[in-house]
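Reading through the structure tokens given below for one structure.
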Amino acid sequence: HQFGFTVGGPIIRDKTFIFGSYEGLREGLGLSVSRIVPSQDARDGNIAPIDPAVRPYLDLFAVPNGVDFGDGTAQHNFTTTNPVRENYFLVKIDHTFSDSDSIDARYFIDDAVGELYYSGGTGKGSDVQFQRHPDTLRQLFNTTWRRIVSPSLVNAASASFNRSFGGFPNIVAGSVDPALTFLPDRLPGQILVTGLSTFGTDAAGGGDRLSILNMFEFTDTVTWTTGKHSIKFGGNVKRMHLNGLSGSRLHGRMRFTGISNFLQNDLCFSSSCAGPNRFEFLVPGAGSAMRGYRQTMVSLFFQDDFKIRPNLTMNFGLRWEVLNTPIEVADRIANVRDPVNDTAPHIGNPFFENNSWTNLGPRIGIAWDPTGEGTTSIRTGYGIFFQPHTHANWWIMGYQNAPFFVRNVIRPRDFDDATGFFPGAYQLWQQQAGAGKPTSSPMQFDAPTPYMQQFHLTIQRQLSNNSVFSISYAGSRGVKLGR
């Protein structure tokens, strides 16, 4: 169901006008899901003997009701709904002070909740009892003051605040024995078995996620028309506050490389054999997944549209963007600056080198009527557009580095006696300190700023009063892209 309304009118005649709208969405999207689970033969012990430690976990898998593939796996098919509730509000006010001064302000809020989301991706990954309930809230306030200084000079200054919240908590529906968790005070973890669909908490690693981005932005743009030139220049300051957590492997992930080895709970002491290959987990009590990053970006720009002749216009522009490296409010910054020689993460600022001082992006374009008759046009342009290292480039690396975030990987071969590795890998690790190794997600310390080169060419010819021929070529090339 989609519904809403709009309302608007003057507050002060010929001076102040207000407009508002609301839109609501209530959706119950039907889903047909097919998963691969242990077959009935596997559950009955006809594929391989079932280890007693495996049986309680095997019983959590959905009972097959579809095609049996004959190798210990079968289909489980079910239908469900994915309810979504969303509310969107917008309010805008325009006020005219005089013929030369005016101001507008607008505020919107978009609140959405997905009441049911099966971990692993829209119902395709895990069982129905393991869910994620995404909750998002976006708010924006923006105000712009425009002043007509003269018929050829206009200034526009704006300020805005943008707040985005996104939460993805894991939910276990129904009753699951707390004894089946891999880690203390956590939800049941994830079990990956080659040939089966993902089972357990979310396919991204079992971690609850939370992100709150506050963005403060100030912009001033001057437009000046003089002779054959239309010049635009100005600047922008953007302050970003990123707060949140990314608890990857929060509930633990156990990997098996086949259905038979899962059923038998085979131990594996070689990198090439089957069985429980490894257990990945976020060490309880070691560091914090919470972070609070701060970053500022400053931009300056200039553009000139120059009408050289009545049939030839050229525009040239230049944009400079510089930003600082992110600062964490509690100094929880760590990075492996030299992956070859560093034996431990480097603690403290800077997170990475600031290579943005030379981010100068030129743009050039030409519009030409070669005949001067208004029936043929040739347009071409080229520009460089930088992708600065804001949170979108580094947020995963910013959350997941020791010692403030300790995610360990352990294998049976790391222990003197690996008996009980599944499901007791964490208990073995507690008894044998130093087993396994922490993982890290380093950010390239001297990472250059990625940029895109964009270019196009368009030729148009009017053939008659009601027909036009047009041919275009457009392309782009990414340079210094991250991997």
Side-chain angles (χ1 to χ4, degrees), residues 31-40 42-43 47 53-69 71-80 82 114 116-134 168-174 176-177 180-183 186-209 246-263 265-266 268 274-282 396 400 407 409-411 421-423 425-426 439:
L31 299 174
S32 297
V33 183
S34 179
R35 300 181 59 258
I36 307 300
V37 299
S39 67
Q40 192 60 49
R43 300 168 71 93
I47 299 298
V54 172
R55 171 56 74 179
Y57 297 90
L58 179 62
D59 290 342
L60 290 178
F61 281 84
V63 176
N65 59 8
V67 177
D68 189 322
F69 300 105
D71 59 355
T73 67
Q75 283 183 331
H76 171 71
N77 303 312
F78 65 97
T79 59
T80 185
N82 189 19
L116 182 62
Y117 179 98
Y118 296 114
S119 61
T122 319
K124 297 180 180 178
S126 190
D127 248 326
V128 294
Q129 68 262 43
F130 300 107
Q131 305 168 7
R132 301 189 81 183
H133 289 201
F168 297 89
N170 282 280
I171 302 294
V172 176
V176 176
D177 188 348
L180 299 183
T181 60
F182 297 144
L183 300 166
R186 303 278 173 86
L187 298 178
Q190 185 182 118
I191 299 176
L192 296 184
V193 181
T194 301
L196 299 182
S197 298
T198 301
F199 178 83
T201 45
D202 77 275
D208 294 349
R209 295 183 179 181
S246 178
S248 177
R249 312 299 186 268
L250 177 65
H251 308 295
R253 172 192 280 179
M254 184 72 73
R255 290 178 177 267
F256 291 85
T257 55
I259 181 68
S260 295
N261 303 104
F262 167 61
L263 296 173
N265 198 7
D266 281 351
C268 171
N277 185 45
R278 66 179 185 265
F279 178 60
E280 308 162 33
F281 64 104
L282 184 60
I396 292 180
Q400 300 181 8
R407 188 176 70 193
V409 178
I410 53 179
R411 296 172 172 82
F421 186 81
F422 178 77
Y426 175 68
T439 63

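One is the number of the first residue; the rest follow in order along the sequence. Computed from a prediction, not measured in an experiment: that's the story for all the values here. Computed over heavy atoms, backbone and side chain alike; hydrogens, waters and symmetry mates excluded.
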For [X], side chain to side chain donor-acceptor pair (under 3.5 Å) partners two or more places apart:
{"X": "Thr181", "answer": "none"}
{"X": "Asn65", "answer": "none"}
{"X": "Asp68", "answer": "none"}
{"X": "Tyr426", "answer": "Gln430"}

| Set of residues satisfying salt bridge (Lys or Arg N to Asp or Glu O under 4.0 Å) with respect to Asp59, sequence neighbours excluded |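 With sequence neighbours excluded, Asp59 shows a salt bridge (Lys or Arg N to Asp or Glu O under 4.0 Å) to Arg55, given in chain and number order.
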| field | Under 3.5 Å: donor-acceptor pair, side chain of Arg407, backbone of Glu280 | value |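 No, Arg407 side chain to Glu280 backbone: no donor-acceptor pair under 3.5 Å.
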| query | Is there a donor-acceptor contact under 3.5 Å from the side chain of His251 to the main chain of Pro188? | reply |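 The answer is no, because no donor-acceptor pair under 3.5 Å joins these two groups.
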| message | For a side-chain contact (heavy atoms from CB on, under 4.5 Å) check, start with the C-alpha distance between Arg35 and Leu196, then their side-chain angles and the critical distance, and finish with the verdict. | response | CA-CA 8 Å; Arg35 300 181 59 258; Leu196 299 182; over 6 Å; no
| said: Could you walk me through whether Ser260 and Ile47 satisfy the side-chain contact (heavy atoms from CB on, under 4.5 Å) test, starting with their C-alpha distance in whole Å, then the side-chain angles of each, then the deciding distance to 0.1 Å, before giving a yes or no? | reply: CA-CA 7 Å; Ser260 295; Ile47 299 298; 3.9 Å; yes
| request: Decide if the gap between the ring center of Phe199 and the ring center of Phe61 is smaller than 6.0 angstrom. | output: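 Yes, they do, as the ring centres are separated by less than 6.0 Å.
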| query | For the residue pair Phe182 and Phe281, is the inter-centroid distance of their aromatic rings smaller than 6.0 Å? | reply |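 They do not qualify: ring centres at least 6.0 Å apart.
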Point-to-point distance, once rounded to the nearest 0.5 Å, from [atom1] of [X] to [atom2] of [Y]:
{"X": "Asn265", "Y": "Phe421", "atom1": "CG", "atom2": "CZ", "value": "10.0 Å"}
{"X": "Phe69", "Y": "Ile259", "atom1": "CZ", "atom2": "CD1", "value": "13.0 Å"}
{"X": "Tyr57", "Y": "Leu263", "atom1": "OH", "atom2": "CG", "value": "15.0 Å"}
{"X": "Arg43", "Y": "Leu58", "atom1": "CZ", "atom2": "CG", "value": "5.5 Å"}

| query | side-chain contact (heavy atoms from CB on, under 4.5 Å) between Val409 and Arg249: does it pass, once the steps are laid out? | reply | CA-CA 10 Å; Val409 178; Arg249 312 299 186 268; over 6 Å; no
| request: Just do the side-chain contact (heavy atoms from CB on, under 4.5 Å) check on Asp266 and Phe256 with the steps written out, would you? | output: CA-CA 9 Å; Asp266 281 351; Phe256 291 85; over 6 Å; no
